[in-house]
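One structure is given below, encoded as structure tokens.
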There are 2 protein chains.
Amino acid sequence: MTRENWTIIRDKLSDDIRSGRLSAGDQLPTETQLAVRFEIGRHSVRRALEALARDGKISIEQGRGTFVADAPRLTYQIGKRTRLRRNLIPQGVAVTSRLVSAARVVAPDEVTKALLLNPGAKVTESQRITLANDLPVAVGRVYHCAERFPDFAERRDVLGSTTETYRSFGINDYVRQHTSIFSRAAKSEEAKTLKQHPDVPVLVVTAIDATPDGTPISNSRVIWSAARVNFTMEHSDG
Amino acid sequence: MTRENWTIIRDKLSDDIRSGRLSAGDQLPTETQLAVRFEIGRHSVRRALEALARDGKISIEQGRGTFVADAPRLTYQIGKRTRLRRNLIPQGVAVTSRLVSAARVVAPDEVTKALLLNPGAKVTESQRITLANDLPVAVGRVYHCAERFPDFAERRDVLGSTTETYRSFGINDYVRQHTSIFSRAAKSEEAKTLKQHPDVPVLVVTAIDATPDGTPISNSRVIWSAARVNFTMEHSDG
DNA sequence: AGAGAAAATTCATTCGGATGAATCTGACAT
DNA sequence: ATGTCAGATTCATCCGAATGAATTTTCTCT
């Protein structure tokens with residue numbers, strides 16, 4: 001009985017949310033109140049709340065309170081024709097993305113390999129943050145060969161779309177060549193950027209886009225909030 | 001200085017592992033010793049260790065101690081020709097899988113939809129656990145239409161390979177039709193089955209396999225230990 | 001009213017301490 | 001050698017308490 005006490009309250013709250021007894025946006029009782037009601041220590045309450053936050057079921061905000069998450073999980077389709085905006089918009093989600101920084105740097109090893117560049121080649125690194133309904137869902141870095149796409153980040157920022165930007169460089173089509181996904185704990189700065197609880201893991205999605213003839217044109221590494229996204233893949237065509 | 005004290009020891013240990021000062025299999029000092037050495041409370045030490053365990057960098061074992069993880073992350077390639085064994089073996093990993101249970105049940109809603117069955121149709125549910133070098137990495141349920149594949153689980157267990165089993169049913173080829181991936185916290189029983197720390201999240205991979213002409217033949221839902229796996233996808237052919 | 005300061009709320013982090021559970025070690029008897 | 005059991009070690013869980021930080025609410029003064 002003494003063991004795994006905190007799972008009781010976690011499961012109770014989880015049930016309340018699923019069944020609708022607690023609905024999206026509702027504020028939960030304070031930690032102290034929950035501790036009293038369930039007759040357990042506040043630390044066990046915190047443990048339970050942390051577990052729920054990791055699943056994205058609730059959102060814990062310091063100084064304000066704890067709330068039932070109101071944003072459902074986004075579905076992001078990965079395939080040959082992976083297009084961030086087009087894939088998220090159909091879900092009735094307002095997707096925006098913002099340029100955080102742009103720089104010209106010597107390509108890191110992985111980028112050199114991914115883009116088939118010579119060691120020491122320069123690339124442009126643009127860092128963007130993606131929001132769905134004003135809530136950050138992903139933050140990522142994209143690398144382009146600096147010689148071929150000298151001002152990619154700036155143009156992308158003006159044109160507002162990756163597809164358009166490629167077109168302005170004379171590339172009318174591009175396809176996803178390779179994708180890799182893994183999960184890890186969020187670094188504290190990532191958690192801050194994504195406005196998520198420090199214990200929510202992130203999904204790291206590394207990808208290579210290429211022209212239809214197979215020439216790689218971009219290498220990206222996007223950090224997704226694991227609680228807010230769901231990836232799908234169709235293997236027929238893409 | 002008082003804030004986020006525990007991240008200091010987390011980062012220190014993480015560095016020690018990455019740099020090789022601590023190597024695979026090494027036992028870490030006990031919680032108490034670490035607390036003394038870093039001049040912080042044991043609870044902060046635990047918090048740091050939990051964070052490292054979530055990333056799969058260390059493995060915490062009650063009554064034994066805490067050890068640097070010795071199993072590297074597996075890479076599992078998802079594509080049109082997704083075959084568990086063939087995709088993992090090239091990495092020098094001894095992959096085995098074991099039937100945990102087999103049953104004949106009324107198809108759950110999602111399965112009905114995935115396999116295009118009539119409501120109330122029966123399916124076989126086989127639960128298998130997959131081990132890589134004797135370490136569990138995944139546990140999953142696979143559903144097959146009971147009419148067409150009445151004894152799938154049993155045959156699969158005898159023949160030792162999914163491909164062979166399908167062949168015995170007259171299916172010489174099959175392809176991955178659809179895959180979806182998301183992350184969530186592990187349920188306590190899943191954590192136990194996968195022999196992982198309760199705080200390590202899992203990746204839920206739902207898939208539909210089909211014959212080349214597009215007829216769905218199986219629906220699976222596999223729970224992967226998020227710390228031990230890494231998914232990749234090639235979008236050219238599969 | 002309106003602006004700004006003070007107070008109250010609420011979560012964040014940390015510490016110390018206690019008990020339980022799993023595992024290993026070593027003494028002991030067979 | 002082998003098996004058993006007591007004790008030590010180590011992590012797991014829990015509680016209570018204090019201080020700090022972020023936010024909201026209330027009050028005060030102009």
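Below, read A as the first sequence line, B as the second, and so on, with proteins coming before strands; counting in each chain starts at 1. These values consider heavy atoms only, across backbone and side chains, with no hydrogens, waters or symmetry-generated copies.
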Pairs under 3.5 angstrom, nitrogen or oxygen only, protein versus nucleotides 17-19 of chain C, please.
residue	atom	partner	partner atom	Å
C/dG17	O6	B/H43	NE2	3.2
C/dA18	N6	B/R42	NH2	3.3

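- Side-chain atoms of B/S220 do not come within 3.5 Å of backbone N or O of B/V222 as any donor-acceptor pair.
- Using a 4.0 Å cut-off, no side-chain N or O of B/R64 falls inside it from OP1 or OP2 of C/dA22.
- B/V142 and B/S218 make their closest contact through CG1-CB, 4.2 Å (heavy atoms, listed as atom of the first residue, atom of the second, distance).
- Ranked by how close their nearest DNA chain C nucleotide is to the 5' end, A/Q27 and B/R47 are led by A/Q27.
- Nucleic acid contact for B/G41: sugar-phosphate only, since backbone atoms but no base atoms lie under 4.0 Å from a heavy atom of the residue.
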Donor-acceptor pairs are to be reported for all side-chain atoms of residues 52-59 of chain A against protein atoms at under 3.5 Å, with residues two or more places apart or in another chain.
residue	atom	partner	partner atom	Å
A/R54	NH2	B/D199	OD1	2.9
A/D55	OD1	B/A185	N	2.5
A/D55	OD2	A/K57	NZ	3.4
A/S59	OG	A/E61	OE2	2.9

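- Residue A/Q196 contributes atom CD, which lies 19 Å from atom P of C/dC11 at whole-angstrom precision.
- In this structure, CD of A/E50 is placed 8 Å from P of C/dA12, rounded to the nearest angstrom.
- Taking atom CH2 of residue B/W6 and atom P of nucleotide C/dT13, one finds them 8 Å apart after rounding to whole Å.
- A/D15 and A/K12 are not joined by a salt bridge, as no carboxylate oxygen comes within less than 4.0 angstrom of a charged side-chain nitrogen.
- In this structure, CD1 of B/I9 is placed 16 Å from P of C/dT13, rounded to the nearest angstrom.
- Put simply, the side chain of A/Q62 and the base of D/dA21 share a donor and an acceptor less than 3.5 Å apart.
- Side-chain N/O atoms of B/R46 include none lying less than 4.0 angstrom from OP1 or OP2 on D/dC11.
- Note: CD1 (B/I60) to P (C/dT23) measures 15 Å, nearest angstrom.
- Going from atom CD of A/E61 over to atom C1' of D/dA21 covers 15 Å, rounded to whole Å.
- B/T66 comes within 4.0 angstrom of the backbone, heavy atoms only, and of no base.
- Side-chain nitrogen and oxygen atoms of A/S44 include at least one within less than 4.0 Å of the OP1 or OP2 phosphate oxygen of D/dC15.
- For the pair B/L28/B/L49, a side-chain contact is recorded, criterion being any heavy-atom separation below 4.5 Å from C-beta on.
- In this structure, CZ of B/R10 is placed 11 Å from P of C/dT13, rounded to the nearest angstrom.
- One N or O on the side chain of B/R228 and one on the backbone of B/P136 form a donor-acceptor pair closer than 3.5 Å.
- The CD1 atom of A/I58 sits 16 Å away from the P atom of C/dT10 (whole-angstrom rounding).
- Each of B/P198 and B/Q33 was matched to the nucleotide of DNA chain D holding its nearest heavy atom; the match closer to the 5' end belongs to B/Q33.
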Under the side chain to side chain donor-acceptor pair (under 3.5 Å) rule, what do B/T165 and B/R155 come out as? Steps first, then yes or no, please.
CA-CA 6 Å; B/T165 312; B/R155 277 202 212 181; over 6 Å; no
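- Within the 4.0 angstrom heavy-atom criterion, only backbone atoms of the sugar-phosphate kind lie near B/I40; the bases stay farther away.
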